[in-house]
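Bear in mind the structure is a predicted one, so any value in this text is a computation, not a measurement. Counting starts at 1 for both ligands and their atoms, following the listed order.
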Amino acid sequence: MNVSVVGTGYVGTTLSACLADLGHRVTAIDIDEGTVERLNEGETPIHEPGLGSLVSAYAGRRLTASTDHAAAAETDLTVLAVGTPAKADGSIDAAALVAAAEDVGEAIAEKDGYHLVVVKSTVLPDVIEGEVVPAIETASGKTDGGSLGVAVNPEFLREGSAVDDFMNPDKIVLGTDGDERALDALAELYQPLLSEWEIPVVETGRREAAMIKYANNAFLAAKISLINDIGNVCKEFGVDAYEVADAIGLDSRIGSAFLRSGVGWGGSCFPKDTAALAAAAESVGYEPLVIDATIELNDRQPERLLELLDAHVDVDGRRIAVLGLAFKPGTDDVRGSRAKPVVRGLLDRGADVVAYDPRAAENMAEAFPDIEYAGSAAEALEGAHGAAVVTDWPEFGDLDAAFDAMADPVVVDGRRVVARREGITYEGLTW
Ligand code: UGA
């Protein structure tokens with residue numbers, strides 16, 4: 001197929017490269033000239049395992065990039081994969097998505113025949129029906145259900161394993177309201193994957209497809225918050241929450257994934273999507289009790305970690321190490337990272353913070369330019385009166401000698417990555 005993808009963030013770029021790998025001819029469209037230039041030179045604008053080799057293999061061949069939305073008219077379908085950031089009240093800002101929808105609408109106005117627009121961006125049902133579809137219709141002069149099709153096809157890619165997740169999905173969700181032409185085009189798009197693996201394909205309405213994405217992320221975030229809640233209770237009773245989680249995970253109705261308790265969830269998706277779902281519920285007068293509690297518990301976990309530290313050391317005026325700044329290992333992304341409230345809480349207590357992360361220090365320095373950044377975990381720990389472990393980078397499991405160089409070897413672990421041992425005062429957040 002001839003496909004255009006608008007947006008070159010981690011979803012758009014991953015999608016463009018993977019669709020090229022499936023055999024499609026892909027045009028990636030973005031308003032950012034620098035990104036387009038880099039893609040055309042075979043460089044990826046983002047770091048994802050496996051992505052660089054795909055982009056360099058297909059750039060200039062099956063994968064080209066352009067700043068001109070007119071390219072969409074030359075393709076069979078256009079995927080919208082632009083960001084939908086959060087506003088201050090938690091609701092989503094769909095302005096970039098609607099602008100992209102208008103640009104694509106203008107581009108396909110002169111196209112003869114049917115064009116399918118596939119919405120990948122995470123948006124609430126009303127935004128699709130109330131803003132995206134009208135924007136394309138007005139700009140193109142085409143009618144939804146006539147020579148225009150609009151489908152909703154959410155993504156479930158994780159940062160750090162996006163290529164792998166695309167190639168091995170748990171499910172493919174096609175929201176088309178039963179539009180046969182849209183379903184045929186999407187079946188052709190995913191055919192190389194579907195012919196290779198047995199992947200459940202969910203054919204549903206557009207509104208349902210949009211909601212499935214939010215429900216998926218809200219459920220996962222709630223699962224972590226629930227195990228954190230249970231973990232906090234476990235800690236109070238001297239029970240190891242990880243042993244409890246291992247056992248309950250064996251119940252097939254619960255499942256073992258996403259039961260790692262600790263300092264909480266972050267990233268560019270869970271915080272934004274849970275807030276958007278809660279804001280949407282409130283906008284129609286419904287109080288989403290579990291979603292609200294999911295968010296509130298997550299907001300409290302960093303403070304619990306600091307209270308564990310307080311129990312052993314007065315941090316005021318003392319050097320305290322923060323190990324791990326990224327929202328999860330394998331990324332330099334600090335959006336929604338639990339390290340931010342941890343650092344803020346330490347600064348509020350008067351601590352002298354020295355932070356270390358193998359990849360995310362530079363990004364963290366934008367939020368906290370005045371704290372010290374160490375070049376290694378050992379350097380951060382040297383002379384420190386306490387350490388808070390916030391990201392589960394595997395290297396933190398191997399710091400034995402470095403803990404001995406601390407002024408006070410007090411370690412509070414928010415991710416169960418450091419082993420409890422003689423010679424250090426060790427506290428696990430939920431164990
Ligand atoms: C998440 C979802 O997992 C993807 O399916 C979804 O496509 C994506 O959001 C999105 O909406 O785009 P991601 O944010 O990349 O993916 O990260 P996850 O690997 O899901 O981790 C999220 C957070 O949960 C991290 O801070 C991680 O440390 C935390 N976590 C995860 C736990 O605290 N405990 C666990 O057991 C698992």
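Protein residues having a heavy atom under 4.0 Å from any atom of ligand 1 are Y10, E155, F156, L157, R158, E159, K213, N217, I224, F258, L259, R260, G264, W265, G266, C269, F270, D273, F327, K328, R415, listed by chain and number.
A donor atom on one side chain and an acceptor atom on the other are found under 3.5 Å apart for N153 and Y190.
Judged purely by atom type and a 3.5 angstrom limit, K120 has no side-chain atom pairing as donor or acceptor with the backbone of V6.
The side chain to side chain donor-acceptor pair (under 3.5 Å) test applied to D89 returns S91, not counting sequence neighbours. Taking R62 as the reference, A20, Y58 meet the side-chain contact (heavy atoms from CB on, under 4.5 Å) condition, with sequence neighbours excluded.
Nearest heavy-atom pair, A380 versus R319, reported as atom, atom and distance to 0.1 Å: O-NH2, 3.6 Å.
Judged as a salt bridge (charged side-chain N to carboxylate O under 4.0 Å, His left out), the pairs with a partner in residues 260-288 (not counting sequence neighbours) are, in order, R260-D392.
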